[in-house]
Q: 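If you scroll down you'll find the structure; I have some questions about it.
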Amino acid sequence: MKITPSEIINEFKVVYSSSDSERSKPNRYRSVLELLLKYLLDIPRDEYHSTAHLVSLSRTYHRAFRLDLPRKTRKLNEYFNLWSHANSSEFDLVEFREIETEFK
């Protein structure tokens, strides 16, 4: 099944407005990034690819470099990976706000 823009927007809104702590949101935003990349690359929702693989595929999107897509997706993915493997004392609220702004 193909992903629609409204699904991506709804997923983002759910995470953004959730009552989860800001410390748990980075992991949840990963699902939005995956949906977005699958949408851009016309990959069905039920087809599994790691986020890192989707990020590497983002370079093949026909407007990737004009949109600065490779840099942005790599930055978001690196942040999500860092946070999911970091301990809670390393969480930086300022950095999270910057990432969340980039993600919008």
Side-chain angles (χ1 to χ4, degrees):
M1 173 174 25
K2 291 190 175 195
I3 297 167
T4 63
S6 61
E7 287 178 272
I8 299 166
I9 293 166
N10 288 339
E11 182 77 14
F12 176 80
K13 286 180 179 178
V14 166
V15 176
Y16 184 76
S17 62
S18 74
S19 61
D20 292 353
S21 74
E22 290 171 325
R23 292 174 186 252
S24 64
K25 283 188 178 184
N27 281 333
R28 294 199 53 207
Y29 276 126
R30 184 191 309 266
S31 66
V32 181
L33 178 63
E34 289 174 4
L35 283 177
L36 177 62
L37 291 172
K38 284 182 175 183
Y39 171 75
L40 290 175
L41 300 168
D42 202 26
I43 297 172
R45 173 190 280 282
D46 55 351
E47 194 173 312
Y48 176 77
H49 295 283
S50 70
T51 310
H53 180 68
L54 291 171
V55 168
S56 70
L57 288 177
S58 70
R59 290 175 288 174
T60 64
Y61 181 64
H62 68 283
R63 294 172 30 206
F65 291 98
R66 190 170 55 165
L67 295 172
D68 199 17
L69 191 61
R71 183 192 65 79
K72 288 180 180 178
T73 56
R74 196 169 44 252
K75 179 180 176 186
L76 289 168
N77 191 49
E78 285 171 1
Y79 177 76
F80 295 146
N81 285 341
L82 172 71
W83 174 238
S84 64
H85 296 101
N87 84 37
S88 60
S89 65
E90 295 176 25
F91 184 76
D92 182 353
L93 187 58
V94 173
E95 184 180 16
F96 173 69
R97 291 285 181 220
E98 289 171 5
I99 291 294
E100 193 170 49
T101 302
E102 179 91 18
F103 209 54
K104 290 179 187 178

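Throughout, residue positions are numbered sequentially from 1 according to the sequence presented. Excluded from the calculations below are hydrogen atoms, water molecules and symmetry mates; all remaining heavy atoms, backbone and side chain alike, are included. Note that the coordinates shown come from a computational prediction; the quantities given were computed from them, not determined experimentally.
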Q: Look up atom CD in Glu11 and atom CG in Leu33, then write down how far apart they are to the nearest 0.5 Å.
A: 11.5 Å

Q: Which residues pass the side-chain contact (heavy atoms from CB on, under 4.5 Å) test with Lys72, not counting sequence neighbours?
A: Asp68, Glu102

Q: Could you see if Leu54 belongs to whatever hydrophobic cluster contains Phe65? Use Ile, Leu, Val, Met, Phe, Trp, Tyr and a side-chain cutoff under 4.5 Å.
A: no

Q: Applying side-chain contact (heavy atoms from CB on, under 4.5 Å), run through Glu78 and Val55 and close with a yes or a no.
A: CA-CA 10 Å; Glu78 285 171 1; Val55 168; over 6 Å; no

Q: Please tell me if the side chains of Leu69 and Arg59 come closer than 4.5 Å, counting only heavy atoms from C-beta onward.
A: no

Q: Between Tyr16 and Val32, is there a side-chain heavy-atom distance shorter than 4.5 Å?
A: no

Q: Show which side-chain atoms of residues 35-49 pair as donor or acceptor with protein atoms under 3.5 Å away, not counting sequence neighbours.
A:
| from | atom 1 | to | atom 2 | distance (Å) |
| --- | --- | --- | --- | --- |
| Lys38 | NZ | Arg45 | O | 3.0 |
| Lys38 | NZ | Glu47 | O | 2.7 |
| Asp42 | OD1 | Lys2 | NZ | 3.3 |
| Arg45 | NE | Glu7 | OE2 | 3.4 |
| Arg45 | NH2 | Glu7 | OE2 | 2.3 |
| Glu47 | OE2 | His49 | NE2 | 2.8 |

Q: Following the transitive rule for hydrophobic clusters with a side-chain heavy-atom cut-off under 4.5 Å over Ile, Leu, Val, Met, Phe, Trp and Tyr, establish whether Phe12 and Leu67 coincide in one cluster.
A: yes

Q: Work out which heavy atom in Pro70 is nearest to a heavy atom in Ala64; give both atom names and the distance.
A: CD-O, 3.3 Å

Q: For the CZ atom on Arg71, are there more than 12 heavy atoms of other groups (residues, nucleotides or ligands in this structure) within a distance under 6.0 Å?
A: yes

Q: Show, in sequence, the C-alpha distance, side-chain angles and deciding distance for Arg30 and Asn77, and conclude whether the side-chain contact (heavy atoms from CB on, under 4.5 Å) test is met.
A: CA-CA 7 Å; Arg30 184 191 309 266; Asn77 191 49; 4.1 Å; yes

Q: Measure the spacing between NE2 of His53 and OG of Ser58 and express it to the nearest 0.5 Å.
A: 10.5 Å

Q: Would you give the length of the straight line joining atom CG of Asn10 to atom OG1 of Thr4, rounded to the nearest 0.5 angstrom?
A: 7.5 Å

